[in-house]
Structures are given as C-alpha cells and as structure tokens.
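Written below as structure tokens is the structure these notes are about.
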Amino acid sequence: MEELENVGVDDLDGLEDRKCPECGCTRLVRDYDRAEVICASCGLVVDDHLIDPGPEWRAFDSEQREQRQRGGAPMTYTIHDKGLSTVIDWRDKDIYGTSLKPSRRSQMYRLRKWNRRARMSDSSDRNLSFALAEIDRIAAQLRLARNVKEAASMVYRRTVEKKLIRGRSIESVAASALYVACRQLSVPRTLEEIASVTKVDKKEIGRSYRFLARELGIKLAPTSPIDYVPRFASALKLPGKVQAMAIEILSQAIDEGLTSGRGPMGVAAAALYVSAVMNDEQRTQREVAEVARVTEVTVRNRYKEIIEHLGLALE
DNA sequence: AAGACGAAAGTGGTTGA
DNA sequence: TCAACAACTTTCGTCTT
C-alpha cells in the first residue's frame, strides 16, 4: 500500500533538466495513469504517449490484486459513460478476420443498434457525450492538462444532474465548466482565451460561469495575478529571475491592497513589466499588454500604482 | 520613428435603492 | 428596473529616447 503511493505520479527521473516550453519552468511531472508529462505551473501537456515503466506487481491476495492489477483502460470522467462500457465493433468480421454470413451480419446490425441505444439511453446522456467531446476539443486547443479536463467534466456532470442546462447552449456551459476547472486548479486561462476557441462569446461564457458558480455552490477565490505570471513571462521569453521578481512584487502589492478590485491580468502584466525593466530585460508596454490581453493604458496605470506604493524606482 | 505618457470620452458589468 | 459607479478601453495628442 505504501509503496504504491509513489508509483503513479511525481516521478521526476530524467525530467530535471527539461523545461516547459510554455513557461520555461522546470516543474514537469509525470503522470503514468494518464500517460502524460505535464507542467505543474501552467498545466501544459508537454508530452503524451508515455510508456508506463512501472513494475508488474505480483499479487498475493485478492486485495492486492485489486490494487496492483493493470488491465483495461483507466476510468475517466471525460467520456460520457466513464469509459467503462462495452462497445460492439463495427466491422463485419469475426475474431479470425473472416467475413460474417448475411444472416449473422443483420443480427450484428441489430445488436449494434441496441448497444448504441443502451449506451446513450436518455437525452441527458446524449447531452453529456456531446458536451464532453466539446470540453475535450477546447482543452486540446488550449493544450490543457488531462486533470483540467477531468475536473471540467465533473463540473459538467453536476450541472446536468442538477438540471441546470435548460436554455443554455451546451457549448457555453462546457466552456464555463472548463473555465471553472482552470481556476480551481490554479492554471487560469482568461475568458478571452477560452472564447477564442469557441463559438460562444466571452460575455456568454462569463454569464453561465457565474450561474454555475452560484447554483453549484462552487466557491472560487478571486484569481491571483501570480497565477498568470509563468504563462505571460514565457510568452514574452522572460528569464526565470524576472518571473521570480514579478511574483515578489505581486505578493507585496497584494499585501498593500493594490490588487483588490483590479483585474488580475492587468496587475500581473504591470508587475512583469516593472520586473523586466529592473532586470534589463525591457519589453515594451505594448508587448506586455498584448500577452495579458489588456491595453497599454491599463498596464501603465497598474505599474504606476505599483512603483509608487512599493517605493520602487526604475533606473 | 517608436515607445512612453496622460487626458478625456466611451463601454460593459456590478451594485444598491 | 434604473441610475450611479469603478475598472477598463479607445482614441488621440504630446513628450522622450
């Protein structure tokens, strides 16, 4: 039991010198359950198709067998039946590869039909499978890690169970679920980013997000600007020390109350800008504003507040 | 010429009566 | 439901490098 705790995740062997291409940090983590290498800071899936080198445990009793056996696909919340159901193959061949007789073929056709119907019995199931595919698509385009997708799927399931989807489009709820999941796991994506890979616009996602948060009783701490730093820094190709200083600046700014009521992206952008200038890694306000998806003016206003309240001087 | 700065007016969303 | 309001954006002109 104890040794099993260390088997799946967090194996850092050979990963120490690899960097996350997105944020440049070295906090890469292997997840054998999902066969992925993910970045612990920004949630990017760095590598998939990982081969599980874990030991084939010998099992001495049924309890151990249950825990140690590795057979079948992992259970997942991202497939509407959790990936556990039986699917009848569509090929009209038997296990030897020879074609089926016509009578058999029509029998198989009927079996497949009922198999399909049994799997997607009611409308909420069909809704689910559609939505989960959508979550999968969006998450893939934003290169989000598997655990985010799982969390989003859970949120969506709860939404369906509480019958809250009526009137709202599946896509907007799926997008919101993903947004919630991102924030829960501290790998925030902006509404804009999610909206950019969706037909739904930002405002609509925001609306259903607030609705979900209220109805499902999800309490989310307001996004910390710090969570955005790694991603913005990497987009600007800023070295680690700039990132570190930006985070330092931000935690002071938070203590000073400079962040309350302010848009976290704007604050994060300003801190990065200040930090970049102080480290001789100057970026233009325009560049910083761009990656944070705010305007130069906002960056300016925030960074003015920062240098004046923290007593920092540029040059 | 490009970037930084600031003023002023406009926009979308929240809040409180 | 409406108005007040703060944060943020847009736009544009001026100053600095």
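Chain identifiers are assigned alphabetically (A, B, ...) following the order of the sequence lines, protein sequences preceding nucleic acid strands; residue numbering begins at 1 within each chain.
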Report task. Give a yes/no on whether any side-chain N or O of A:Lys304 is located under 4.0 angstrom from OP1 or OP2 of B:dG6. Result -> yes
Query raised in the report: Quick one: on DNA chain B, does A:Lys203 or A:Thr284 contact a more 5' nucleotide (nearest heavy atom)?
Result: A:Thr284
Query raised in the report: Do other residues, nucleotides or ligands put more than 12 heavy atoms under 6.0 Å from the CZ atom of A:Arg137?
Result: yes
Query raised in the report: Tell me: CD of A:Glu287 to C1' of B:dA4, nearest whole Å?
Result: 13 Å
Query raised in the report: Rounded to whole angstrom units, what separation is found between the CZ atom of A:Arg300 and the C1' atom of B:dA4?
Result: 6 Å
Report task. Find the distance between CZ (A:Phe211) and OG1 (A:Thr159) and round it off to the nearest 0.5 Å. Result -> 9.0 Å
Query raised in the report: So what does A:Arg210 hit on the nucleic acid, given a heavy-atom distance under 4.0 Å: a base, only sugar-phosphate, or nothing?
Result: sugar-phosphate
So which protein N/O to nucleotides 3-8 of chain C N/O distances come out below 3.5 Å?
| unit_1 | atom_1 | unit_2 | atom_2 | d |
| --- | --- | --- | --- | --- |
| C:dA7 | OP1 | A:Arg262 | NH2 | 3.3 |
| C:dC8 | OP1 | A:Gly263 | N | 2.1 |
| C:dC8 | OP2 | A:Arg302 | NH1 | 2.2 |
| C:dC8 | OP2 | A:Arg302 | NH2 | 3.4 |

Query - Whole-Å gap separating C1' (B:dT14) and CZ (A:Arg207) - result: 15 Å
Query raised in the report: Is it true that A:Glu204 and A:Lys202 make a salt bridge, defined as a side-chain N closer than 4.0 Å to a carboxylate O?
Result: no
Query - Spacing between A:Glu192 atom CD and B:dG12 atom P, to the nearest angstrom - result: 14 Å
Query raised in the report: How far apart are the C-alpha atoms of A:Arg183 and A:Tyr209, what are their side-chain angles, what is the distance that settles it, and do they pass the side chain to side chain contact (heavy atoms under 4.5 Å, CB included) test?
Result: CA-CA 11 Å; A:Arg183 288 188 51 176; A:Tyr209 151 69; 3.0 Å; yes
Query raised in the report: What do the steps show when you test A:Arg189 against A:Tyr228 for side chain to side chain donor-acceptor pair (under 3.5 Å), and what is the final call?
Result: CA-CA 8 Å; A:Arg189 293 302 185 266; A:Tyr228 287 110; over 6 Å; no
Query raised in the report: Between A:Tyr273 (OH) and B:dG3 (P), how many Å, whole number?
Result: 11 Å
Requested in this report: State whether the number of non-hydrogen atoms from other residues, nucleotides or ligands found under 6.0 Å of A:Arg207 atom CZ is greater than 12.
Outcome: no
Requested in this report: Give one of base, sugar-phosphate or nothing for A:Gln282, where a contact means two heavy atoms less than 4.0 Å apart.
Outcome: sugar-phosphate
Requested in this report: Check whether any side-chain N or O of A:Tyr303 sits under 4.0 Å from OP1 or OP2 of B:dA4, and answer yes or no.
Outcome: no
Query raised in the report: To the nearest angstrom, how far is A:Ile205 atom CD1 from B:dG12 atom C1'?
Result: 16 Å
Report summary line: For B:dA8, the nucleotide meeting Watson-Crick or G-U wobble distances (both under 3.5 Å) is C:dT10
Query raised in the report: Taking atom C1' of B:dG12 as reference, at what distance in whole Å does atom CG of A:Leu191 sit?
Result: 13 Å
Query - Atom pair NZ/OG of A:Lys199 and A:Ser172 - distance to nearest 0.5 Å - result: 11.5 Å
Requested in this report: By nearest nucleotide on DNA chain B, pick out whichever of A:Val297 and A:Arg286 is the more 5' one.
Outcome: A:Arg286
